Amino acid sequence: MRLFYLVFLIFFIGCKDTSKTPPIKDNVNTTSKVTQQKDKHIPKRHRKGKEQDSCNKNCLKSEGKKCKHKQKKENDSIKEVYKQIGLKYSRTTQQILGSNLTNAIIKKGPEGAVEFCNTRATVITDSLSLNYKAKIRRVSDKARNTLNKATEQELAYISNYKQDLVAGDSLVAVVEIKETGIDFYYPITTNALCLQCHGKPDEDINSSTLSEIKKYYPQDEALNYKVNELRGLWAITFNK
């Protein structure tokens, strides 16, 4: 009888129903599906292997198909280069003119300065323009020499610089890129020496100097300045 129960027990254990045991799923496939579910909520340009530039077709220019942000970066680099060149050329020209002007004053007084400006200043400026391969000019809204009258665009910059000067803001160089070339502008301000020829008549300017000014510049407008006022601009044009 004991033998019968033993055989029955062995048979019962061996035939236990395992149909309810859950099947083992493929972990690799499950992970892949989860990743795909998350991935679809991420912008395409940020998905791994699918990064795109932050710029789209709206940034492209129709003529060159160049991203406007990239074009701006290139233009900013060009402007910085020509800003440094323009500052160098304007400061060098100013130093040369200033040195010659001082010598003329030492030799002949303010009257000698007027004569120098009329006969030599333009020659020196043109010579440096030729040497630098750039057109160097001094322009003003109140010109002494009619050849130095500012254009409408230059008058707009003069107006802006005057406002900056009154507000106490820094006066910085401006570079403008055009199809024909590159324009550089930098302000010219007055100092005490300037007033001997550009100040108030019979107060800063003596009568003999005023006579020389009227002799050489019958259409003169460059009078009645005070110290640290805007006299005009350095206007330099670089050809492309």
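Worth saying up front: this structure is predicted, and the values here are computed from it rather than measured.
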(request) Spell out, as yes or no, whether a donor-acceptor pair under 3.5 Å connects the side chain of Tyr161 to the backbone of Val172. (result) yes
(message) Quick one, Lys72 and Lys70 - any side-chain contact, counting heavy atoms below 4.5 Å?
(response) no
(message) As an exercise, state the distance from NZ of Lys73 to CD1 of Ile78, rounded to the nearest 0.5 Å.
(response) 13.0 Å
(request) Identify whether the distance between the nearest side-chain nitrogen and carboxylate oxygen of Lys108 and Glu115 falls below 4.0 Å. (result) yes
(message) For the residue pair Asn148 / Ser140, report whether a side-chain donor-acceptor contact shorter than 3.5 Å exists.
(response) no
(request) Any chance you could lay out the side chain to side chain contact (heavy atoms under 4.5 Å, CB included) test for Leu195 and Val227, step after step, and finish with the verdict? (result) CA-CA 7 Å; Leu195 301 191; Val227 172; 3.7 Å; yes
(request) Looking only at non-hydrogen atoms, find the nearest pair between Leu97 and Phe116 and report the distance. (result) O-CE2, 4.0 Å
(message) Holding to salt bridge (Lys or Arg N to Asp or Glu O under 4.0 Å), I want the full list of residues that pass it with Lys200, two or more places apart in sequence or in another chain.
(response) none
(request) Starting at CD of Glu229, measure out to OG1 of Thr189 and round the result to the nearest 0.5 Å. (result) 10.5 Å
(message) Test your reading of the model: is there a side-chain donor-acceptor pair from Arg231 to the backbone of Lys142, 3.5 Å cut-off?
(response) yes
(request) Could you go through the side chain to side chain contact (heavy atoms under 4.5 Å, CB included) check for Val166 and Lys162 one step at a time? (result) CA-CA 6 Å; Val166 171; Lys162 284 183 177 181; 5.6 Å; no
(message) I need the Ile96 CD1 to Leu128 CG distance, nearest 0.5 Å.
(response) 4.5 Å
(message) For a side chain to side chain contact (heavy atoms under 4.5 Å, CB included) check, start with the C-alpha distance between Ser90 and Ile136, then their side-chain angles and the critical distance, and finish with the verdict.
(response) CA-CA 8 Å; Ser90 60; Ile136 303 173; over 6 Å; no
(message) Do Pro201 and Asn224 have side chains that approach each other closer than 4.5 Å (heavy atoms only, starting at C-beta)?
(response) yes
(message) Please determine whether a side-chain nitrogen of the Lys or Arg among Asp220 and Lys214 lies less than 4.0 Å from a carboxylate oxygen of the Asp or Glu.
(response) no
(request) Over all heavy atoms of both residues, which pair between Leu165 and Asn228 is shortest? Give the atoms and the distance, please. (result) CD2-O, 3.3 Å
(message) Hydrophobic clustering (ILVMFWY, side-chain heavy atoms < 4.5 Å, transitive) - are Tyr216 and Leu210 grouped together?
(response) yes
(message) I'd like to check Leu193 versus Ile105 (side-chain heavy atoms, cut-off strictly below 4.5 Å). Are they in contact?
(response) yes
(message) Is it the case that the side chain of Thr122 and the backbone of Asn118 share a donor-acceptor pair, with hydrogens and angles ignored and the cut-off at 3.5 Å?
(response) no
(request) Spell out, yes or no, whether Ile124 and Trp234 are grouped together once hydrophobic residues are joined by side-chain heavy atoms under 4.5 Å, including indirect joins. (result) yes
(message) Counting the benzene-type ring for Trp, do Phe184 and Tyr82 have ring centres under 6.0 Å apart?
(response) no
(request) Indicate, with yes or no, if Leu230 and Tyr185 share a hydrophobic cluster defined by side-chain heavy-atom contacts under 4.5 Å among Ile, Leu, Val, Met, Phe, Trp and Tyr. (result) yes
(request) Please answer whether the main-chain N or O of Ser207 pairs with a side-chain N or O of Ser211 as donor and acceptor at a distance below 3.5 Å. (result) yes
(request) Could you tell me the separation between the CZ atom of Arg137 and the OG1 atom of Thr237, rounded to the nearest 0.5 Å? (result) 7.0 Å
(message) Once rounded to the nearest 0.5 Å, what's the spacing between atom OG1 of Thr146 and atom CD of Glu221?
(response) 9.5 Å
(message) Looking at every heavy atom in both Cys117 and Ala121, which two are closest together, and how far apart are they?
(response) O-CB, 3.4 Å
(request) Check whether any side-chain heavy atom of Arg144 lies under 4.5 Å from a side-chain heavy atom of Ile213, and answer yes or no. (result) yes
(message) How close do Pro187 and Leu233 get, counting heavy atoms only, and between which atoms?
(response) CA-CD2, 3.9 Å
(message) Show, in sequence, the C-alpha distance, side-chain angles and deciding distance for Tyr186 and Gln94, and conclude whether the side-chain hydrogen bond (donor to acceptor under 3.5 Å, both in side chains) test is met.
(response) CA-CA 12 Å; Tyr186 192 67; Gln94 180 63 52; over 6 Å; no
(message) If you define the side chain from C-beta out and look only at heavy atoms, does anything of Ser170 sit under 4.5 Å from Asp164?
(response) no
(message) Hydrophobic clustering (ILVMFWY, side-chain heavy atoms < 4.5 Å, transitive) - are Val175 and Ile236 grouped together?
(response) yes
(request) State the CD1-CD distance between Ile158 and Gln163, to the nearest 0.5 angstrom. (result) 12.5 Å
(request) Look only at the side chain of Thr209 and the backbone of Pro110, and say whether a donor-acceptor pair between them is shorter than 3.5 Å. (result) no
(request) State plainly whether one hydrophobic cluster holds both Ile188 and Ile85, where clusters connect Ile, Leu, Val, Met, Phe, Trp and Tyr through side-chain heavy atoms under 4.5 angstrom apart. (result) yes
(request) For the residue pair Thr102 and Ser99, establish whether any side-chain heavy-atom pair is separated by less than 4.5 Å. (result) no
(request) Kindly assign one of parallel, tilted or perpendicular to the pair Tyr89 and Tyr132, based on the angle between their ring planes and the thresholds 30° and 60°. (result) parallel
(request) List for me each residue that meets side-chain hydrogen bond (donor to acceptor under 3.5 Å, both in side chains) alongside Glu212, sequence neighbours excluded, and say none if there are none. (result) none
(message) Between Asn206 and Asp202 (side chain of the first, backbone of the second, donor and acceptor by atom type, cut-off under 3.5 Å), is there such a pair?
(response) no
(request) Indicate the atoms forming the closest heavy-atom contact of Glu154 with Lys149, along with that distance. (result) OE1-O, 4.3 Å
(message) So which atom in Gly112 and which in Ala104 form the shortest heavy-atom distance, rounded to 0.1 Å?
(response) O-CB, 3.7 Å
(request) Using modelled atom types only, decide if a donor and an acceptor are shared between the side chain of Ser159 and the backbone of Leu155 within a distance under 3.5 Å. (result) no
(message) Any side-chain to backbone donor/acceptor pair from His198 onto Leu223? Under 3.5 Å, distance only.
(response) no
(message) I'd like to know whether Ser208 forms a side-chain hydrogen bond (donor to acceptor under 3.5 Å, both in side chains) with Glu111, so could you lay out the CA-CA distance, the side-chain angles of the two residues, the decisive distance to 0.1 Å, and finally the verdict.
(response) CA-CA 7 Å; Ser208 58; Glu111 297 86 345; 2.3 Å; yes
